[in-house]
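See structure below.
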Amino acid sequence: MKQMRTFCLLAILTFTVGAFGQGGTKPATPAASPAPQAQASPAPPATFASLVDRQVSSYEKLVVEAAEAMPADKFDFTPASLKIPGSAYSDVRTFATLVKHTATANFRFWTTLTGEKMPENIKGPNGPDELKTKAEIIQFLKDSFAVGHRAAKSLTPENALEQVPFRNSTAPRLYLATTTVIHAADEYGQMVEYLRMNGIVPPASRGN
């Protein structure tokens, strides 16, 4: 009988210890796998249209910001007014005319690619005479670059080398699209000089 009681006591202790061990030590929960990160979409392949449009955007920013940087009361400025000894500024354009000339060239060349009509108020290389205020002239400039974007987007691998009227001859569409940007770059260089002659640092040259 004593041996039976001892056996039963050992069995109860064994069961209790086992139950305590199972309740006090839980199996480790596996760590959750990190959520997969979304991969960035690859950039679309470059095209004639996208590359030229990027060029148009680059010089649109430079030229428009330079025009906006000149105070309204300086839009009639010409270097001839400085009377610099030995200079040859007597026949150069005013700042206003320089901006209008740039926009006029944009319209003339880029409308050839888009098939749009030239603005009826353009009568010569220096743009509409009736545009006098800074706001009017800058809007005219912005409108000309809008045509540039449409011209760029019209380019395809099939039509890029197609000949179109240019001056007294013809030229490929791609050439006409990009040479207009080059012309804008040339005029931008002159605008920069006009700004600096008036003590104005061009926006593109200012520190951040």
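By convention here, the first residue in the shown sequence is residue 1.
Side-chain rings of Phe77 and Phe95 stay apart, their centers remaining 6.0 Å or farther from each other. Phe166 has its ring centre less than 6.0 Å from the ring centre of Phe109.
Residues Gln163 and Pro172 have side chains in contact (heavy-atom distance under 4.5 Å, counting atoms from C-beta outward). Thr178 is listed as a side-chain neighbour of Val52, based on a closest heavy-atom distance under 4.5 Å. At a threshold of 4.5 Å between non-hydrogen side-chain atoms, the residues His183 and His101 count as touching. Phe145 places a side-chain heavy atom less than 4.5 Å from the side chain of Val63. In this structure, Leu174 and Phe48 have side chains that are in contact, with non-hydrogen atoms separated by less than 4.5 Å. Contact annotation: the side chain of Glu60 never approaches that of Leu141 to less than 4.5 Å [non-hydrogen atoms, C-beta and beyond].
Other residues, nucleotides and ligands contribute at most 12 non-hydrogen atoms within 6.0 Å of the OH atom of Tyr59. Heavy-atom neighbours of Glu130 CD from other residues, nucleotides or ligands within 6.0 Å: above the threshold of 12. Within a 6.0 Å sphere centred on CG of Asp91, heavy atoms belonging to other residues, nucleotides or ligands number 12 at most. More than 12 heavy atoms of other residues, nucleotides or ligands shown are found within 6.0 angstrom of CZ on Arg150. Around CZ of Arg54, the count of heavy atoms belonging to other residues, nucleotides or ligands within 6.0 Å does not exceed 12.
Interatomic distance, Ile137 CD1 to Thr102 OG1, rounded to the nearest 0.5 Å: 11.5 Å. Summarising the geometry, atom CZ belonging to Phe140 is positioned 6.0 Å from atom CG belonging to Leu131; distances are rounded to the nearest 0.5 Å. Distance check: Ile138 CD1 to Met70 CE gives 10.5 Å after rounding to the nearest 0.5 Å. Note that NZ of Lys117 and CD1 of Ile122 are 14.0 Å apart. Values are rounded to the nearest 0.5 Å. Interatomic distance, Thr104 OG1 to Lys123 NZ, rounded to the nearest 0.5 Å: 12.0 Å.
Among the candidates Asn159, Leu176, Val147, the single residue satisfying the side chain to side chain contact (heavy atoms under 4.5 Å, CB included) test with Leu113 is Leu176.
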Output, in order, the C-alpha distance, side-chain angles, deciding distance and verdict of salt bridge (Lys or Arg N to Asp or Glu O under 4.0 Å) for Glu65 and Lys61.
-> CA-CA 6 Å; Glu65 287 185 351; Lys61 176 177 173 59; 2.7 Å; yes
Show your reasoning for whether side chain to side chain contact (heavy atoms under 4.5 Å, CB included) applies to Val181 and Trp110.
-> CA-CA 10 Å; Val181 176; Trp110 280 329; 3.9 Å; yes
Go through the steps for Ser81 and Thr78 under the test side-chain hydrogen bond (donor to acceptor under 3.5 Å, both in side chains), then give the verdict.
-> CA-CA 6 Å; Ser81 64; Thr78 171; over 6 Å; no
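Using modelled atom types, one finds no donor on one side chain facing an acceptor on the other under 3.5 Å when comparing Asp53 with Ser50. Between the side chains of Thr111 and Thr114, no donor-acceptor pair of N or O atoms lies under 3.5 Å.
Here Glu68 does not pair with Lys134 in a salt bridge; the nearest charged N to carboxylate O distance is not below 4.0 Å.
Looking only at distances, a side-chain donor or acceptor of Asn198 sits under 3.5 Å from a matching main-chain atom of Tyr194. Remark: the backbone N or O of Tyr175 is not paired with any side-chain donor or acceptor of Thr179 at under 3.5 angstrom. Judged purely by atom type and a 3.5 angstrom limit, Arg206 uses its side chain to pair as donor or acceptor with the backbone of Val201. Listed for the Glu136 side chain is a donor-acceptor partner under 3.5 Å among the backbone atoms of Thr133. A donor-acceptor pair under 3.5 Å is absent between the side-chain atoms of Gln139 and the main chain of Ala135, judged by distance alone.
For the residue pair Thr112 and Pro165, the shortest heavy atom distance occurs at CG2-O, 3.6 Å. The two residues Pro79 and Val92 make their nearest non-hydrogen contact at CD-CG2, 3.7 Å. The two atoms that bring Met191 and Ala66 nearest to each other are CE-CB, 3.8 Å, heavy atoms only.
Both Ile84 and Leu98 are members of a single hydrophobic cluster when ILVMFWY side chains are connected at heavy-atom separations under 4.5 Å. Under the 4.5 Å side-chain heavy-atom criterion for ILVMFWY residues, a single connected hydrophobic cluster contains both Val64 and Ile200.
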